[in-house]
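Notes for the one structure printed next.
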Amino acid sequence: MTDTPSPAGRAPGAPLVVLTDVNKHFGDLHVLQDINLTVHEGEVVVVIGPSGSGKSTLCRTINRLETYESGTITIDGQDLPQEGKALARLRADVGMVFQSFNLFSHKTILENVTLGPIKVRGLKPKEAEKQAMALLERVGVAHQAKKYPAQLSGGQQQRVAIARSLAMEPRVMLFDEPTSALDPEMINEVLDVMVSLAKSGMTMIVVTHEMGFARKAADRVVFMSDGAIVEENTPEEFFTNPQSPRAKDFLGKIL
Ligand code: ADP
Ligand code: MG
């Protein structure tokens, strides 16, 4: 760790998410192999790699949607709680946006965003609504607040999903291929929201193959293959000068 500002122009903060020697299996499959990863406050890390390399499992493990067998994962120095209220609070600290938007289909856009803050953070409905409207404004869908998810485009729904996560005031946001289910013309409206979130100083771990996003917003690219982190570098170096044969092979296929 040096004091040099990152390529994205930010000075590095304190370690926020720290994985140390994390291992996980699905039966015989060693899906996470000795994962060591430190994400600092305000840092944006893009995780890239072939399908099946363990990127989603990594995100889900950080958020405790999956268990792991050995190693440690800490958020701001705290070990991850196994269950109960402490786990609910941890989940609130770690926001997650999935490929499929996962909005509650029978609730309005506004209700989707206010539900968590009312239930988990104990906000009064009026306060929650005020905060939700500000967030919907920020992601550009405030005028849709009274509608239901099915009435919105995929890009709009994904922006609502981002607002819903932000309403929990997370310390770190995980994005798992947030644009890969979207029609091409909607990808940029979601990436633009993510770039602006990155610029606002949010700590982010983003699984994506969108090189434009990585170049614009990422401090670091982490390349995963077969359950292991094979290579880590600045976006510029990673995309123009990959070191490992597996990264070269992968980039040769996607670029
Ligand atoms: P990626 O997100 O990089 O495509 P995943 O983390 O989804 O990779 O999957 C990594 C590997 O783990 C794949 O081989 C996948 O089939 C396997 N896997 C993922 N989830 C499960 C599960 N719940 N049970 C068994 N195997 C799984
Ligand atoms: Mg995945």
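Ligands are counted one by one from 1 in listed order, and the atoms in each one are counted from 1 as well.
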Determine the sole option in V45, T234, V44 for which the side chain to side chain contact (heavy atoms under 4.5 Å, CB included) test with R220 is passed.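 That would be V45; it is the only one of V45, T234, V44 passing the side chain to side chain contact (heavy atoms under 4.5 Å, CB included) with R220.
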Charged N-O contact under 4.0 Å between E41 and R171: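 Salt bridge: yes.
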Name each N or O atom in ligand 1 that is under 3.5 Å from a protein N or O, and give the partner atom and the distance.
from: ligand 1; atom 1: 2 (O); to: S56; atom 2: N; distance (Å): 2.9
from: ligand 1; atom 1: 2 (O); to: S56; atom 2: OG; distance (Å): 2.9
from: ligand 1; atom 1: 3 (O); to: S53; atom 2: N; distance (Å): 3.2
from: ligand 1; atom 1: 3 (O); to: S53; atom 2: OG; distance (Å): 3.4
from: ligand 1; atom 1: 3 (O); to: G54; atom 2: N; distance (Å): 3.0
from: ligand 1; atom 1: 3 (O); to: K55; atom 2: N; distance (Å): 2.9
from: ligand 1; atom 1: 3 (O); to: K55; atom 2: NZ; distance (Å): 2.7
from: ligand 1; atom 1: 4 (O); to: G52; atom 2: N; distance (Å): 2.7
from: ligand 1; atom 1: 6 (O); to: T57; atom 2: N; distance (Å): 2.9
from: ligand 1; atom 1: 6 (O); to: T57; atom 2: OG1; distance (Å): 2.6
from: ligand 1; atom 1: 8 (O); to: G54; atom 2: N; distance (Å): 3.2

Mind telling me whether F250 and H209 have parallel, tilted or perpendicular rings, with 30° and 60° as the class edges? perpendicular
How about I229 and L37: do any of their side-chain heavy atoms sit closer than 4.5 Å? yes
Are T179 and Q158 side-chain neighbours, meaning at least one heavy-atom pair lies under 4.5 Å? no
Closest heavy-atom pair and its distance - L174, C59: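 Taking L174 first and C59 second, the nearest heavy atoms are CD1-O, 3.4 Å.
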Taking every non-hydrogen atom, the tightest pair across L19 and I73: CG-CG1, 3.9 Å
Determine whether the side chains of S56 and D176 contain a donor N or O and an acceptor N or O closer than 3.5 Å. yes
Between the side chains of E66 and T61, is a donor N or O closer than 3.5 angstrom to an acceptor N or O?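 Note: E66 and T61 side chains miss the donor-acceptor criterion.
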What protein N, O or S atoms come within a distance below 2.8 Å of the Mg ion (ligand 2), ordered by chain and number?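 Result, waters dropped: S56 OG.
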